Structure formats: structure tokens, C-alpha cells
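Just the heavy atoms: all of them, side chains too, but no hydrogens, waters or symmetry mates, feed the values below. The model shown is predicted, which means the values in this text are computed figures rather than measured ones.
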2 protein chains.
Amino acid sequence: MKNNTYHHGDLKNALIQAGVEVLASEGVNALSLRKVAKRAGVSHSAPYAHFADKQALIAAIATEGHLYIFDAITAISGQYPEDPMRQLIETACAYLRFGLDEPDLFKITFAGMLEHERDHPSLVEMTQKNFILLRQLVVRCQAAGIFATGPDDLIAQNLWATVYGLISLLQGGQVSSALLDRFSPRQLLLFSLNQMTQIDIPFEE
Amino acid sequence: MKNNTYHHGDLKNALIQAGVEVLASEGVNALSLRKVAKRAGVSHSAPYAHFADKQALIAAIATEGHLYIFDAITAISGQYPEDPMRQLIETACAYLRFGLDEPDLFKITFAGMLEHERDHPSLVEMTQKNFILLRQLVVRCQAAGIFATGPDDLIAQNLWATVYGLISLLQGGQVSSALLDRFSPRQLLLFSLNQMTQIDIPFEE
DNA sequence: ACCTGAACACCGTTCAAGT
DNA sequence: ACCTGAACACCGTTCAAGT
């Protein structure tokens, strides 16, 4: 009941949430511990009671990002249980939407901004869970003849590199306007998928 | 002849060079105007005589990176004039080598770290020159049946996204060690190329 | 034209001290 | 256990002043 002086029980999560908000409103370059602390209503040194340093806060935010996409991808696979082609397309589009809607959270989550990622085990765990999801999707696609046979982790890696590369370039404004005039981001993504699959993927919905 | 007090004629390029050195030795997070100025032997405010702000220095360094790869790619195309498959492989590997040898210069050059890239016309010009090189390569590969017919800029874009995505993930330590134990970075790259081409690319030299 | 030094508002991080 | 405030070494940027 003593809620006047920010003993609000869960400063740690409040700081993570504040970080996500700063990313959304001001971008990754404006993400600072001091700003996050101020937004959570505590002094600039309070975060150090919950995070070893700025890298640890970034790791926690990245873990949040991975959790978000994990839930989204899991839902998709349940939604089209007998249609791996549709799962592939919708999964890729979920990543694309994440990248375009929340570019800076996407960067923190996937762009490898951490110096020593292995020092953050819960983040590593989430990245592996998401990679496993991708591998399972690849296996289902192989069974349907969408991907050729071969090591599923290798194909999943290549799928992710392709999707991630396109999203990063779209985010950074590195895609020529001549292309953007003719194709939507979604179409560019579908073209990429099409070029790496055995079966043609329709360009339109 | 008055070379005692750093009127050394070309502070601008000295600052760019100092920036490249800082990237190589301490990484992108340690790149600061003040450090670059100190390394060039001038006061912390001297850079402002040559660059509007830190973004402008970053843009100049990125331009340098684009020039470096432009020369490398151009040389390769001249080296195997009648072998587009070899040109494709060696071009992709040149990017890969750049990314692995100078990860932080590669990031500055290609990762879209600039807030307003269009404000730096000489950088935009170099990015376009490199993209044109890639398109010409794609056209030669299409003529040889390596890539399917289709818009060459779209295929070039997808090629670049695939190569860039893999390099970024390798840099960030985002490729599973299970994969790295079985495949070299070069093999991962060749596998990616293989999956997007019409003709099989041999995995070994 | 090119450079310096002081100044300002921001950082990350540490540490003694308070409850 | 959780938080504060002062302190330190760094930033980017501006501006008056020097040559």
C-alpha cells in the first residue's frame, strides 16, 4: 500500500517497458539508461539495482522482442495447420511487419547490437527457440516440396538471412525508389521467398 | 613549410582515415568525434570546420567503404571476363571478406546507420554505383542462365539482401555454432547463392 | 580559412549514504 | 533490498576568440 515513493514492486519490468517506449518514440540512438530511468520515475542510478549495465537492459529489451515474435509465429502455425506454404508466407510477413512497425525494437532484437550476447542466457534461449520454430517450418515445407531436401538448419539459416537482409535494407532506406515504386515491401519479400523455393509463390494475396 | 602546427593541408582526409582506424581497433561504439580529432592531433572542435556534425563524418567514412568495395568488385569483373558464375561467386566473397575482416567499417558502410542518408549526396552516388555494378553482374548471369529472367534490379536487390543478411548474422554471432562447425562462412554463402540460382554452384573451390 | 578553449547539456558508471 | 545524490570521465555541439 506504500505506493507513493516508487517501491512499485517491479521497477525492472517498468524499465524494460520504458525502454520499448523510448525506442518507439525516439529511436535506438536516444535510448539511454538515464532517460529510461527518468521515464520510470526513478533516479538515474536506480537501474543499476536491476541491470549490471546498459548492455544488460538492451539484452532484456531484445528478449522482449524475441518473445513478441515467438508468440506471433506460434499463432500463425496454429492458424493454418495443413498449409505450410501459407505458414511460410505469413511467418515471413510477420517479421516484415515487426521490422516496419517497430524498426528500432526490431534492430535491438535482431541486429546483434550486443557486444557479448552469450553473457545473457535468457536472450540466447529465446533466440534458439525462435530458430527452432523456423527449422520446424522448413521441415514442414520440405515435406510439401516447397524447399528442396537438405539440412533443415542450413535452409532455415538462409531463409532467415534473406528475410532479415531485406527488412534491414528496407528499414535503412537502402532499397532504390525505382523498386519501391513498382513493388510493395510485401511483394519484395514474396519475390525473395519465391526465388529460394522449388514451387512458385503467387505474388499477390 | 609551416608544418609544425597542424596546418597539414588535408585535415579532412586525416579525420576520415583516423575514423577508419578507430573502427578497426576499437569498434563502432567507440567512434567519437573527439577521439578522431585527438588521433589526428587537433582540438575536439576542429572537425567542425570540415564536417557539419558527426553524421557527416560517418557519411564520409561510409563513402570510403563503398569506394573500397567498388574497386574490388570492378577488378573481379575484369579478372574473369567470360565467366559470370565465377564473377558472381568472387563478388559475393569479396563482400564476405570485407564484412569479416573489417566488421565495423562494413557496418558503417552498409548497415544504414545514418538518420538522413539523402543529405549526403556523394554517399548516395557511391551506393548507386555499387548497385549498378550488381545489376550488370545479374544481367550477365541471366544471359548465362544462372539467374532466371526477370527485372534485373529486383534480382540484384534480392542478391544483395541475401549476401548482406548472411554477413550481418555472421558478424553478430547470430549463426548457430552447430552450423559453423560444419560449414565455413564461404560455404554458407555459396549455399545461399546456390539456392537462388538456376544452375548448381559447386560448394568447394 | 582554419583552428583553439571554454562552456553547455547530455551520457555510463561508481560509491557512499539513506530507508 | 532498493533507491538517492554527488562525483568522475566521457560525449556532441556551439561560439567567441585567435592566426
Measure distances between side-chain N and O atoms of B/S32 and base N and O atoms of D/dG12, and say whether any donor-acceptor pair falls under 3.5 Å.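 Per atom types, no contact qualifies.
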
Does B/H44 contact C/dA6 through a side-chain donor or acceptor facing the base, at a distance under 3.5 Å?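 Counting by modelled atom types and ignoring angles, a donor-acceptor contact under 3.5 Å is found here.
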
What's the [atom1]-[atom2] distance between [X] and [N], to the nearest Å?
X     : N      : atom1 : atom2 : answer
B/K35 : D/dA9  : NZ    : C1'   : 12 Å
A/L33 : D/dC10 : CG    : P     : 18 Å
B/Y48 : D/dA17 : OH    : P     : 21 Å
A/K38 : C/dG12 : NZ    : P     : 12 Å
B/L11 : C/dT4  : CG    : P     : 8 Å
B/K54 : D/dT14 : NZ    : P     : 15 Å
B/L57 : D/dT13 : CG    : C1'   : 14 Å
A/F51 : C/dG12 : CZ    : P     : 14 Å

Side-chain contact test, heavy atoms from C-beta onward, threshold under 4.5 Å: evaluate it for B/L193 versus B/L159 and give yes or no.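 Answer yes - side chains close enough.
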
For DNA chain D, whose closest nucleotide is more 5', that of A/R34 or that of A/H50?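 Closer to the 5' end of DNA chain D: A/H50.
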
Residue whose nearest DNA chain D nucleotide is more 5′ - B/Q55 or A/A46: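 Looking at DNA chain D, the more 5' nearest nucleotide goes with A/A46.
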
For A/Y95 together with A/F106, are the ring centres under 6.0 Å from each other?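 Not under 6.0 Å, so no.
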
Would A/F183 and A/F191 count as a close aromatic pair, with their ring centres under 6.0 Å?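 When the ring centroids of A/F183 and A/F191 are compared, they turn out to be at least 6.0 Å apart.
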
Which one of B/I76, B/T91, B/I73 satisfies the side chain to side chain contact (heavy atoms under 4.5 Å, CB included) criterion with B/L137?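 Single side chain to side chain contact (heavy atoms under 4.5 Å, CB included) partner of B/L137 among B/I76, B/T91, B/I73: B/T91.
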
Counter-base of D/dA16, judged by Watson-Crick or G-U geometry with both distances under 3.5 Å: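 Base partner found: C/dT4.
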
G-U wobble or Watson-Crick pairing nucleotide for D/dA9 (cut-off 3.5 Å, both distances):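 No nucleotide pairs with D/dA9.
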
For the side chain of B/S45, starting at C-beta, report the closest nucleotide among D/dG12, C/dG5, D/dT4.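 Out of D/dG12, C/dG5, D/dT4, the nucleotide with an atom closest to B/S45's side chain is C/dG5.
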
Check this for me, if you would: do B/D152 and B/R140 make a salt bridge, where the nitrogen-to-carboxylate-oxygen distance has to be below 4.0 angstrom?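 A salt bridge is absent here (no side-chain N lies under 4.0 Å from a carboxylate O).
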
